Amino acid sequence: MTTGQARRQYVEAQLRLCLLLLQAYGVLRVAHINDQPVAAWGVPLGTARRPDSDTLDQYLNALIQPDEPDDAAARGQVRPGGLIDTAQLRSLVGWAQAGLLTDRVWLFDGHTVEYTGQADIGKTKHGTKHTSVKAVKRCPLFNRFSALTEYFPTSVTFAAALRQMVSKANAVLPPVDRTPWGHLAFDKEGWDTDLLHWLETEQDINPITWVKATAVNQDLLAAVPQREFVPVPGEWLIGKNEQTYQLAQVADTRVTFPDLGPRRVVVVDTTAGPRLGIYTTARHPQDAALTDERALTTIALLEALRCKQRIENGFKVETHELASDALPTHQVHEVHQTEPYDLAQAQHQLALAEKRLVKYAAQEQQYQHLLAEEQIDKHEFNLLHHRTRRLRQQTTRQQERLTTELESVTVDEHGQATRSYTVQVLDLRKLTLVNLFKTHALVALQILAQQLGLAGAGPARLRREFLAFGDRVEFDHEQRIATVYAQRFPRARTQQAYEQLCAVLRDRSITLERDGICYQVRFSW
């Protein structure tokens, strides 16, 4: 693909450009390029025609083949330090150096993507014809867009994924670009003492997250005296979906946690909801210098979690407008895994499950007796019967799981118990690589939107208003100028935005190479 006659085969740069243009233009699956006009795609690629979908697919396969991990237990996963991993991290560094990652608070979240034709788990419903494969977990590290996205098997915990991605980002971002990287907001799903200590001490990052609603934490929040609070003017809503609360008063104070010691907590009272707390180690402005960008005000902390919906919106944009959950391959690997196993704890849980099953059987007989004696009516019997049946089914599944696990446990001469088992994992390499091209296309479209004075416009709007109005490209071989013509835009505002963009690009050098000749690109307006 990178050698041979120039007019018959594509070099690597052309293939990369084609993959990028496909996403920007809205051709979201590689197979759909064969539905595009043959000659039109050859103009920006400098060839006689567009590449075939098989050519692009072979190129993607050639990229992922050397990326096979050395560890057999990680088959199908992106190899650390490999080609795909390096491309992702270089993209992150490039975007930071270009000044695109300017939000003071970075965001992290995890989304389960179910790849099956029958999936409907409240997350993402995605049909893959008649093929059903295991779900995967998509974790974006977010700053205005998904600056770094990785995929994990669902067995990987929220905290483990966060540790891996934060370590990579912190290792490659130079200090001058890492200034806004000092704050990271994430859901309380990752709230863990070890994780918080790791972020604060080893990564020099200030975590921002909700205080978990445990009994101990609720008592600590309830103990904050009333004199610490100030009323919140206006209407401030916090939360999402049906769990949205209006703020009544707020206190920026310190709370002493049993395992963490005194920490800064923004305590929030709502008008019709529970008392909430925002945990952080970010400095209060009154305790920091005026030039300290690591300090955050109370309002900034509230905004950090209130605006965390941006990562949800970004996920929806990438899913619905860039098809980031479209599966380019259904290759599944069987992976053998071995891990330490708490044999005593499992045997104890199994014994308790067996006792509960005996208790539930006795309760069923008791309910039947009470119904026959007319001590309870039919409605009460149905409630008790359905509850007991549900608990019995849950316990039966737990008993079967523990029994299966215990059968695969071995104990070595040192008394260490280990469990060996086989799992099916989805090959994530091509999915990660294709979505990296889609992220690059999204960044390019966002830059275009800013140049057009339409900051915040999504890919679908830009395609609808601008990319669909290309007309033709004329080449002046003597002057070596390529003039790009656009059709008349139907709306005056769109025409004005296009003319403004052309005025900006007039002073910038844009070149196009075709048949070995370099042309200066000009836009007609």
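Fair warning: this is a prediction, and the values are worked out from it, not measured in the lab.
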| Does the distance from a Lys or Arg side-chain N to an Asp or Glu carboxylate O, for K316 and E318, drop under 4.0 Å? | no
| What's the spacing between E312 CD and L107 CG if we round to 0.5 Å? | 10.0 Å
| Once you round to the nearest 0.5 Å, how far does OG1 of T102 lie from CZ of R144? | 4.0 Å
| field | C139 SG to K137 NZ distance, which is reported to the nearest 0.5 Å | value | 6.5 Å
| said: Quick one, L162 and L199 - any side-chain contact, counting heavy atoms below 4.5 Å? | reply: yes
| For E321 and A460, which heavy atoms make the closest approach, and how far apart are they? | OE1-N, 2.7 Å
| said: Check whether Q398 reaches the backbone of Q394 with its side chain - one donor and one acceptor, N or O, closer than 3.5 Å. | reply: no
| With T201, which residues qualify under side chain to side chain donor-acceptor pair (under 3.5 Å), at least two apart? | none
| remark: Heavy-atom nearest pair, V156 first then A161, reads CG1-N, 4.0 Å
| query | Where the side chain of T157 meets the backbone of A160, is there a donor-acceptor pair that is under 3.5 Å apart? | reply | yes
| Once you round to the nearest 0.5 Å, how far does CG of L22 lie from CZ of R50? | 9.5 Å
| task | For the pair R263 and E200, find out whether any cationic side-chain nitrogen is under 4.0 Å from an anionic carboxylate oxygen. | result | yes
| message | Using side-chain heavy atoms (C-beta onward) and a distance below 4.5 Å, is K430 in contact with N61? | response | yes
| Short question: side chain of N217, backbone of K212 - any donor-acceptor pair under 3.5 Å? | yes
| task | Show the numbers, then the answer: is there a side chain to side chain contact (heavy atoms under 4.5 Å, CB included) between I64 and L433? | result | CA-CA 8 Å; I64 69 174; L433 183 59; 4.0 Å; yes
| request: Output the distance between atom CD (E68) and atom CD (Q77), rounded to the nearest 0.5 Å. | output: 9.5 Å
| task | Check the side chains of N206 and T280 for a donor-acceptor pair under 3.5 angstrom, ignoring hydrogens and angles. | result | no
| Worked verdict on I208 versus L301 for side chain to side chain contact (heavy atoms under 4.5 Å, CB included) | CA-CA 8 Å; I208 304 173; L301 288 172; 3.8 Å; yes
| message | Could you check whether atom CZ of R401 has more than 12 heavy atoms from other residues, nucleotides or ligands sitting under 6.0 Å from it? | response | yes
| message | Side chains of L83 and L63, heavy atoms from C-beta outward: is any pair under 4.5 Å? | response | yes
| query | Taking D192 for the side chain and L195 for the main chain, is one N or O donor matched with an acceptor at less than 3.5 Å? | reply | yes
| message | Before you tell me yes or no, could you show the steps for L322 and L442 under side chain to side chain contact (heavy atoms under 4.5 Å, CB included), namely the whole-Å CA-CA distance, both residues' side-chain angles and the distance that decides it to 0.1 Å? | response | CA-CA 8 Å; L322 292 174; L442 179 61; 3.7 Å; yes
| said: Determine whether a donor-acceptor pair (N or O, by modelled atom type, separation under 3.5 Å) exists between the side chain of R522 and the backbone of I481. | reply: no
| task | Indicate yes or no: at least one non-hydrogen side-chain atom of T149 is less than 4.5 angstrom from one of N435. | result | no
| Shortest non-hydrogen contact from L462 to L445? | CD1-O, 3.1 Å
| Should the ring pair F489 and Y498 be called parallel, tilted or perpendicular, given that the plane angle runs from 0 to 90° and is split at 30 and 60? | tilted
| request: May I ask you to decide if the ring planes of F186 and F158 are parallel, tilted or perpendicular, using 30° and 60° as cut-offs? | output: tilted
| task | Under the side-chain hydrogen bond (donor to acceptor under 3.5 Å, both in side chains) rule, what do E499 and Q495 come out as? Steps first, then yes or no, please. | result | CA-CA 6 Å; E499 293 176 358; Q495 178 70 27; 3.0 Å; yes
| task | Kindly indicate whether the side chain of W95, heavy atoms from C-beta on, has any atom under 4.5 Å from the side chain of T439. | result | yes
| request: Decide side chain to side chain contact (heavy atoms under 4.5 Å, CB included) for D103 and R310; before the verdict, give the C-alpha distance in whole Å, the side-chain angles of both, and the deciding distance to 0.1 Å. | output: CA-CA 12 Å; D103 288 352; R310 288 175 299 178; 3.5 Å; yes
| Taking only residues two or more places apart in sequence or in another chain, which ones pass side chain to side chain donor-acceptor pair (under 3.5 Å) with Y341? | E405
| said: I'd like to check I278 versus V211 (side-chain heavy atoms, cut-off strictly below 4.5 Å). Are they in contact? | reply: no
| query | In Å, rounded to the nearest 0.5 Å, how long is the span from CZ of F523 to CG of L501? | reply | 7.0 Å
| Looking only at atom types and distance, does a side-chain atom of D57 sit under 3.5 Å from a main-chain N or O of S53, one as donor and one as acceptor? | no
| said: Please determine whether the number of non-hydrogen atoms from other residues, nucleotides or ligands lying under 6.0 Å from atom CZ of R90 exceeds 12. | reply: no
| field | Check: W198 and S167 side chains under 4.5 Å, non-hydrogen atoms | value | yes
| task | Tell me, with the steps shown, if D52 and T55 meet side-chain hydrogen bond (donor to acceptor under 3.5 Å, both in side chains). | result | CA-CA 5 Å; D52 190 84; T55 303; 5.2 Å; no
| query | Do side-chain atoms of Q14 reach the backbone of V11 as a donor and acceptor pair under 3.5 angstrom? | reply | yes
| message | Would the distance check show the side chain of N170 and the main-chain N or O of V166 forming a donor-acceptor pair, the cut-off being under 3.5 Å? | response | no
| How are the rings of F475 and Y519 set to each other: parallel, tilted or perpendicular (split at 30° and 60°)? | perpendicular
| task | Could you pull out the closest heavy-atom pair between R264 and R283, with the gap in Å? | result | NH1-O, 3.0 Å
| Option from R429, K168, R138 for which salt bridge (Lys or Arg N to Asp or Glu O under 4.0 Å) with E150 holds | K168
| remark: Taking every heavy atom of T511 against every heavy atom of V521, the minimum-distance pair comes out as C-CG2, 4.0 Å
| request: Taking the side chain as every heavy atom from C-beta outward, state whether W106 and L141 have any atom pair closer than 4.5 Å. | output: yes
| field | Which atom of G81 lies closest to which atom of T86, heavy atoms considered | value | O-OG1, 3.5 Å
| message | If we count only N and O atoms by modelled type, under 3.5 Å, do the side chains of T483 and S524 hold a donor and an acceptor together? | response | no
